Amino acid sequence: MSRYEPAVIEAKWQQAWGEAGVFTARHDPLRPKYYVLEMFPYPSGRIHMGHVRNYTMGDVVARYKAAQGFSVLHPMGWDAFGMPAENAAMERGGHPKDWTYSNIAVMKEQMKPLGLSIDWSREFATCDPEYYGQQQAMFLDMMAAGLVYRKAAVVNWDPVDMTVLANEQVIDGRGWRSNALVERRELTQWFFKISDYSGELLAALDGLKDWPEKVRLMQANWIGQSRGLQFGFETVAAPAGFARIEVYTTRPDTLMGASFAAISPDHPLAKALEATDPVIAAFVAECRRGGTSAEVLETAEKLGMDTGVRVRHPLDAGWELPVYIANFVLMDYGTGAIFGCPAHDARDYEFATKYGLPIEAVFVGEGEADGLTEAYVPMKSEKVRYVRGFAGAEVQTGEDAVTAAIAECERRGIGQGVTNYRLRDWGISRQRYWGCPIPVVHCAVCGVVPEKKANLPIRLPDDVTFDIPGNPLDRHPTWRDVSCPKCGAAARRETDTMDTFVDSSWYFARFTAPHAVTPTDMTEAAYWMNVDQYIGGVEHAILHLLYSRFFARAMNKTGHLPVEAIEPFNALFTQGMVTHEIYKTTDEAGRPVYHLPEDIRKLAIDGNVVTVLKSRLAEIDVDPDSSDVSDEALSAITLLADLQVEVVPSAKMSKSKKNVVDPMNIIAAFGADTARWFVMSDSPPERDVEWTASGAEATYKHLSRLWTLCGRIGDMPADHKGADDDLLLRATARAVHEVTQGIEGFAFNKAIAKLYEFTNILAKADGSTPAMKLAIRTLAQLMCPMTPHIAESIWTFQGGAGLCAQAAWPKADPALLVDTTVILPIQINGKRRAEISVPKDMAASEVEKIALANEDVIKFLAGQPVKKFIVVPGRIINVVI
RNA sequence: GCGGAUGUGGCGGAAUUGGUAGACGCGCAGCGUUGAGGUCGCUGUGGGGUAACACCCGUGAAGGUUCGAGUCCUUUCAUCCGCACCA
């Protein structure tokens with residue numbers, strides 16, 4: 001066996017897999033299927049380490065399941081619509097389509113050398129008309145099924161560029177290009193009725209046993225089910241048409257503590273007042289300044305204005321409350337109007353304090369005085385006493401108080417108990433070019449008319465420019481101006497495109513039949529769905545996954561997915577990021593300056609590692625790349641503190657911090673197996689992994705050492721006896737058991753630690769008996785999911801039949817996994833003082849005798865009587881004195 | 001503001017889920033190999049303490065439950081992620 005040359009063997013085995021068609025997914029009714037999917041990439045330009053980690057994880061699962069005998073589907077595609085393509089066109093010229101497809105070509109070429117077990121015959125991009133045309137067909141079906149509607153919604157409006165901005169494009173309340181103050185503006189937009197499924201999407205979370213608990217929790221909180229009371233305030237001195245204001249509250253038990261009512265600046269009443277009152281109009285305009293994101297809205301200073309309108313308290317007609325317009329009341333939640341109880345709601349308390357409104361407690365903490373007013377009393381359900389509750393709810397606390405208050409209000413005819421959800425309908429309209437066109441036409445005669453399916457796909461026009469802001473579709477007469485599909489009159493095509501989340505909400509289903517002339521093929525979908533293991537970043541824990549769960553239900557309703565697939569992802573795994581340290585200095589003004597890894601040098605001085613700038617080394621006449629640094633130079637470096645670079649560990653890779661590691665450089669230097677092994681080895685997959693140059697090098701050294709070891713064994717005479725064969729067989733069985741458990745449990749770092757241990761045992765064994773050969777072949781198989789190329793070479797070299805990638809996963813003989821004797825530590829009063837070695841199944845009474853006869857134990861007992869003797873079989877002994 | 005998570009040696013992490021804290025890897029140190037450096041091989045490596053043992057301390061902090069706590073409970077501090085038009 002020659003030297004370890006990854007470039008040579010990796011190309012060779014990739015070709016062999018390709019020729020054997022190992023990764024082509026086959027619809028084989030006789031075999032169980034397994035569908036592994038990693039969240040598909042956005043084609044941003046080049047692949048990064050995060051991609052390598054994500055796809056290697058999926059690949060490990062795919063290869064492992066294939067070895068287990070499953071018919072595996074492991075596809076790849078491109079989430080190809082989105083803003084960056086338009087931004088590139090604006091900044092550099094060119095067309096989003098060209099930018100996107102050339103990025104796809106580059107990234108695909110970069111992914112190939114990783115040796116992933118992907119079935120490339122199923123590849124597609126969401127910007128392919130064949131894909132988005134099917135998406136348009138589903139939109140029409142969903143429209144017919146009543147899942148689509150239009151309504152007004154607020155957007156970020158840039159008044160200078162005259163365009164809609166994404167939240168990301170609003171920086172400190174200003175447009176990212178124009179720097180103009182952003183306003184909130186209403187636009188008529190398309191919505192999917194995801195709220196029809198609020199209850200179901202919540203209830204079904206319980207069935208997702210193989211999803212991370214935290215993701216289910218986040219989704220549940222996002223859907224935000226609450227039980228409350230909806231009731232109407234009767235108004236006094238309100239404009240015509242506003243005799244009542246509907247309010248929703250989750251705390252009807254605090255109604256007696258009401259001190260004001262507040263409506264959203266977007267509430268119809270606010271709009272009516274705005275039209276006639278310039279002071280209110282100015283205030284509402286003030287509220288509409290700034291972006292639309294929840295973070296901005298909820299951290300903004302609380303602003304309110306008394307409208308002059310009054311409402312009657314529902315429990316006491318003589319009690320009038322002022323109605324404020326308040327910027328923290330959201331039109332999207334509840335009814336867009338609230339009642340304020342400052343004593344028991346922190347936000348209301350802040351508001352009441354600011355505007356001098358009364359604060360009166362409904363309940364007090366146990367033992368506190370009844371006269372507690374003007375203070376905020378947090379809800380502690382166990383320890384409250386009602387002092388101003390209303391009849392029927394006096395004795396209740398906590399949730400019971402809410403339930404009792406709702407019942408009492410219903411009895412009195414004041415309002416109704418309502419189950420409310422925080423989840424809003426999904427607004428999908430985007431005023432942008434590079435997205436899936438919404439297939440409808442606006443006709444002056446017929447109104448909104450769906451396109452005919454025969455006319456699909458509605459293709460994006462190619463002849464567009466991005467020299468001025470806004471949506472080029474809006475100013476493209478030959479594309480925009482059409483005749484009505486229904487009556488033939490002159491009409492206007494919808495120029496909004498769909499949110500790119502729509503594209504990614506069903507791609508997993510399309511992979512099961514990527515070339516079908518309908519969105520899906522029900523036979524294929526029935527075989528391949530669901531995705532058995534889905535893997536991706538935790539940043540998608542809420543939106544993408546919730547939208548996909550909704551879409552699967554909508555697809556079922558419109559006949560595009562079987563009912564078994566309404567929860568499309570059986571198991572979910574959320575992986576962490578790849579981070580890298582940052583090298584930072586500060587300039588004269590104290591601003592941080594970042595340095596590239598190749599511009600710094602790490603030196604070992606007196607057992608410490610000192611990081612210095614190469615350029616500064618040159619200044620003191622030290623050759624920055626020479627390995628030979630004199631002791632004088634080293635001590636000079638220690639003295640020069642300003643020469644040293646601050647190392648900030650574990651930062652997200654970003655160009656501005658200059659800590660991006662390009663996977664292609666790693667593959668060129670060490671090969672794909674090293675890159676794959678390293679990203680799987682150090683950290684648990686759900687956590688961030690820090691890329692270190694030394695770690696990657698160590699991985700390469702390990703693989704080289706293994707290569708040499710296999711070569712050495714191959715050169716030995718057959719049956720050269722090294723270590724005990726029995727020991728080898730046991731070690732092999734244990735490795736199979738532990739690595740299998742590691743992969744099954746998504747603990748790849750532990751699986752790799754076990755592989756290191758196993759390799760260390762083999763390196764010491766130094767023989768070439770059949771037991772050794774079996775051990776090495778097994779090692780190759782266990783490594784194959786992680787490092788498939790070197791595994792193939794070792795497998796072949798050690799006489800494995802066929803391709804390692806197609807060999808059946810090894811099984812451990814259970815008899816070889818049990819140890820006959822066990823070492824029991826002995827604690828005395830909880831401190832470990834001695835240990836004994838006993839047969840595994842020895843009776844506790846026997847163990848006690850041996851333990852008490854142990855000389856260390858006798859020494860520590862020092863003749864004191866034993867109060868208690870605890871034996872945990874096979875684990876530990878504790879003697880209490 | 002709301003929601004979710006994470007804190008263990010110099011570093012990444014392990015700990016059979018309440019039972020020997022620090023597996024495995026990196027780094028560092030010593031020895032060997034080498035003309036030298038790197039490579040490679042062997043050994044050591046939580047802190048204090050000792051000639052070496054012994055012994056003491058130790059899982060962000062402070063309390064608690066237990067024969068026994070990294071793991072369970074209470075309080076607290078720090079850091080990271082998401083928030084509906086980034087994907």
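Just so it is clear: chains get the letters A, B, ... in the order the sequence lines come, proteins before strands, and each one is counted from 1. Every value quoted in this text rests on a predicted model; they were computed, and no experiment measured them.
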Engineer: Scan A:V164 against the nucleic acid and name what it touches under 4.0 Å (heavy atoms): base, sugar-phosphate only, or nothing.
Structural biologist: base
Engineer: Look at the side chain of A:E86 and the backbone N and O of A:W434, then say whether any donor-acceptor pair between them is shorter than 3.5 Å.
Structural biologist: yes
Engineer: Kindly indicate whether the side chain of A:R875 and the base of B:rU16 share any N or O donor-acceptor pair separated by less than 3.5 Å?
Structural biologist: yes
Engineer: For A:E186, enumerate each residue passing the side-chain hydrogen bond (donor to acceptor under 3.5 Å, both in side chains) test, keeping only those at least two apart in sequence or located in another chain.
Structural biologist: A:K271
Engineer: Is the distance from OP1 or OP2 of B:rG7 to the nearest side-chain N or O of A:R687 less than 4.0 Å?
Structural biologist: yes
Engineer: Can you work out whether A:K868 or A:E835 has the more 5'-proximal nearest nucleotide on RNA chain B?
Structural biologist: A:E835
Engineer: Scan A:F501 against the nucleic acid and name what it touches under 4.0 Å (heavy atoms): base, sugar-phosphate only, or nothing.
Structural biologist: base
Engineer: Counting just side-chain N and O atoms, does A:N749 come under 4.0 Å of either OP1 or OP2 of B:rC24?
Structural biologist: no
Engineer: Can you list everything that forms a salt bridge (charged side-chain N to carboxylate O under 4.0 Å, His left out) with A:R832? Sequence neighbours excluded, please.
Structural biologist: A:E835
Engineer: Name the nucleic acid region contacted by A:I877, choosing base, sugar-phosphate or nothing; use a 4.0 angstrom heavy-atom cut-off, strictly under.
Structural biologist: nothing
Engineer: Describe the nucleic acid contact of A:S44 in one word from base, sugar-phosphate, nothing, applying a heavy-atom distance below 4.0 Å.
Structural biologist: nothing
Engineer: Could you state the atom-to-atom distance from CD of A:Q827 to P of B:rG68 in whole Å?
Structural biologist: 10 Å
Engineer: Determine the Euclidean distance between corresponding C1' atoms of B:rA69 and B:rG12; express it in Å to zero decimal places.
Structural biologist: 25 Å
Engineer: With a 4.0 Å cutoff (strictly under), does any side-chain N or O of A:S694 reach OP1 or OP2 of B:rC26?
Structural biologist: no
Engineer: Do A:Y534 and A:F508 have their ring centres less than 6.0 Å from each other?
Structural biologist: no
Engineer: Of all heavy-atom pairs between A:N878 and A:I828, which one has the smallest distance, and what is that distance?
Structural biologist: OD1-N, 4.0 Å
Engineer: Taking only the side-chain heavy atoms of A:T500 (C-beta and beyond), determine which of B:rG19, B:rA87, B:rC57 contains the nearest atom.
Structural biologist: B:rA87
Engineer: Can you identify which nucleotide, out of B:rC85, B:rC67, B:rU20, has its nearest atom closest to the A:I876 side chain?
Structural biologist: B:rU20
Engineer: Does a distance-only test, which skips hydrogens and angles, find a donor-acceptor pair under 3.5 Å between the side chain of A:Q189 and the base of B:rC85?
Structural biologist: yes
Engineer: Expressed as a whole number of angstroms, how long is the span from A:R832:CZ to B:rG68:P?
Structural biologist: 18 Å
Engineer: Quick one: A:L187 CG to B:rC85 C1', roughly how many Å, whole number?
Structural biologist: 12 Å
Engineer: Give RNA chain B the dot-bracket treatment, 5' to 3': Watson-Crick (N1-N3 with N6-O4 or O6-N4) or G-U (N1-O2, O6-N3) under 3.5 Å, [ ] crossing, | other strand.
Structural biologist: (((((((..(((......[....)))((((((.......))))))(((......)))..(((((..]....))))))))))))....
Engineer: If you look at every strand shown and take non-hydrogen atoms under 4.0 Å, does A:F192 touch a base, only sugar-phosphate, or nothing?
Structural biologist: nothing
Engineer: Using atom types as modelled, flag every donor-acceptor pair under 3.5 Å from a side chain in residues 745-757 of chain A to any protein atom, sequence neighbours excluded.
Structural biologist:
{"residue": "A:Y756", "atom": "OH", "partner": "A:W677", "partner atom": "NE1", "Å": "3.3"}

Engineer: Please list, chain by chain and in numerical order, all residues satisfying side-chain hydrogen bond (donor to acceptor under 3.5 Å, both in side chains) with A:E744, sequence neighbours excluded.
Structural biologist: A:Y64
Engineer: For B:rG13 and B:rC26, measure between their P atoms and round to the nearest Å.
Structural biologist: 16 Å
Engineer: Under 6.0 Å between ring centres: does that hold for A:Y4 and A:Y700?
Structural biologist: yes
Engineer: Using atom names, set out every protein N or O paired with an N or O of nucleotides 2-4 of chain B below 3.5 Å, distance rounded to 0.1 Å.
Structural biologist:
{"residue": "B:rG3", "atom": "O3'", "partner": "A:N221", "partner atom": "ND2", "Å": "2.7"}
{"residue": "B:rG3", "atom": "O2'", "partner": "A:N221", "partner atom": "ND2", "Å": "3.2"}
{"residue": "B:rG4", "atom": "OP1", "partner": "A:N221", "partner atom": "ND2", "Å": "3.4"}

Engineer: Using atom P in both nucleotides, what's the gap between B:rG64 and B:rG70 to the nearest angstrom?
Structural biologist: 15 Å
Engineer: Select one nucleotide: of B:rA84, B:rG68, B:rC55, the one nearest the side-chain heavy atoms of A:R833.
Structural biologist: B:rC55
Engineer: On RNA chain B, nearest-nucleotide positions of A:D682 versus A:I870: which is more 5'?
Structural biologist: A:D682
Engineer: For A:P84, check side-chain contact (heavy atoms from CB on, under 4.5 Å) against everything at least two apart and list the hits.
Structural biologist: A:Y42, A:W99
Engineer: Report the glycosidic orientation of B:rG9: syn if within 90° of 0, anti in every other case.
Structural biologist: syn
Engineer: Considering residues at least two apart in sequence or located in another chain, which fulfil the side-chain hydrogen bond (donor to acceptor under 3.5 Å, both in side chains) criterion with A:R150?
Structural biologist: none
Engineer: Of all residues at least two apart in sequence or in a different chain, which pass the ring-ring contact (aromatic ring centres under 6.0 Å, His included) check with A:F869?
Structural biologist: none
Engineer: Can you name the residues that form a side-chain hydrogen bond (donor to acceptor under 3.5 Å, both in side chains) with A:T740, not counting sequence neighbours?
Structural biologist: A:W809
Engineer: To the nearest angstrom, how far is A:E738 atom CD from B:rA15 atom C1'?
Structural biologist: 13 Å
Engineer: Heavy atoms under 4.0 Å is the rule here; annotate nucleotides 39-49 of chain B 5' to 3' with B where the base is hit, S where only the sugar-phosphate is, and - elsewhere.
Structural biologist: SSS--------
Engineer: What is the distance from CE of A:M680 to P of B:rG25, rounded to the nearest Å?
Structural biologist: 18 Å
Engineer: Are any of A:K831's side-chain N or O atoms less than 4.0 Å away from OP1 or OP2 of B:rC57?
Structural biologist: yes
Engineer: Checking only heavy atoms, does the side chain of A:Q169 share a donor-acceptor pair with the base of B:rC86 at less than 3.5 Å?
Structural biologist: no
Engineer: Which side-chain N or O atoms in residues 420-427 of chain A pair as donor and acceptor under 3.5 Å with protein atoms at least two apart or in another chain?
Structural biologist:
{"residue": "A:Y421", "atom": "OH", "partner": "A:Q225", "partner atom": "NE2", "Å": "2.9"}
{"residue": "A:R422", "atom": "NE", "partner": "A:W222", "partner atom": "O", "Å": "3.4"}
{"residue": "A:D425", "atom": "OD1", "partner": "A:I194", "partner atom": "N", "Å": "3.2"}
{"residue": "A:D425", "atom": "OD1", "partner": "A:S195", "partner atom": "N", "Å": "2.9"}
{"residue": "A:D425", "atom": "OD1", "partner": "A:S195", "partner atom": "OG", "Å": "2.7"}
{"residue": "A:D425", "atom": "OD2", "partner": "A:Y149", "partner atom": "OH", "Å": "2.5"}
{"residue": "A:D425", "atom": "OD2", "partner": "A:S195", "partner atom": "OG", "Å": "3.3"}
{"residue": "A:W426", "atom": "NE1", "partner": "A:D499", "partner atom": "OD2", "Å": "3.0"}

Engineer: Expressed in angstrom and rounded to an integer, what is the separation of A:K867 atom NZ from B:rG68 atom P?
Structural biologist: 11 Å
Engineer: Enter syn or anti for the glycosidic conformation of B:rU17, syn applying to angles within 90° of 0.
Structural biologist: syn
Engineer: Over how many whole Å does the gap from A:E757 atom CD to B:rG22 atom C1' extend?
Structural biologist: 14 Å
Engineer: Can you figure out which of B:rG68, B:rA84, B:rC86 approaches the side chain of A:N878 most closely?
Structural biologist: B:rG68
Engineer: Indicate whether OP1 or OP2 belonging to B:rC85 is found under 4.0 Å from a side-chain N or O atom of A:R430.
Structural biologist: yes
Engineer: Any sub-3.5 Å donor-acceptor pair from A:R676's side-chain atoms to A:M786's backbone N or O?
Structural biologist: yes
Engineer: Counting side-chain heavy atoms from CB outward, which of B:rC85, B:rG25, B:rC56 is closest to A:N760?
Structural biologist: B:rG25
Engineer: Side chain of A:R432, heavy atoms from C-beta onward: which of B:rC55, B:rC85, B:rA87 has the nearest atom to it?
Structural biologist: B:rC85
Engineer: In whole Å, what is the span from the CZ atom of A:F678 to the P atom of B:rG13?
Structural biologist: 11 Å
Engineer: Taking the inter-plane angle between the rings of A:F351 and A:F328 on a 0 to 90° scale, is it parallel (under 30°), tilted (30 to 60°) or perpendicular (over 60°)?
Structural biologist: perpendicular
Engineer: Is any side-chain N or O of A:K750 closer than 4.0 Å to OP1 or OP2 of B:rA15?
Structural biologist: yes
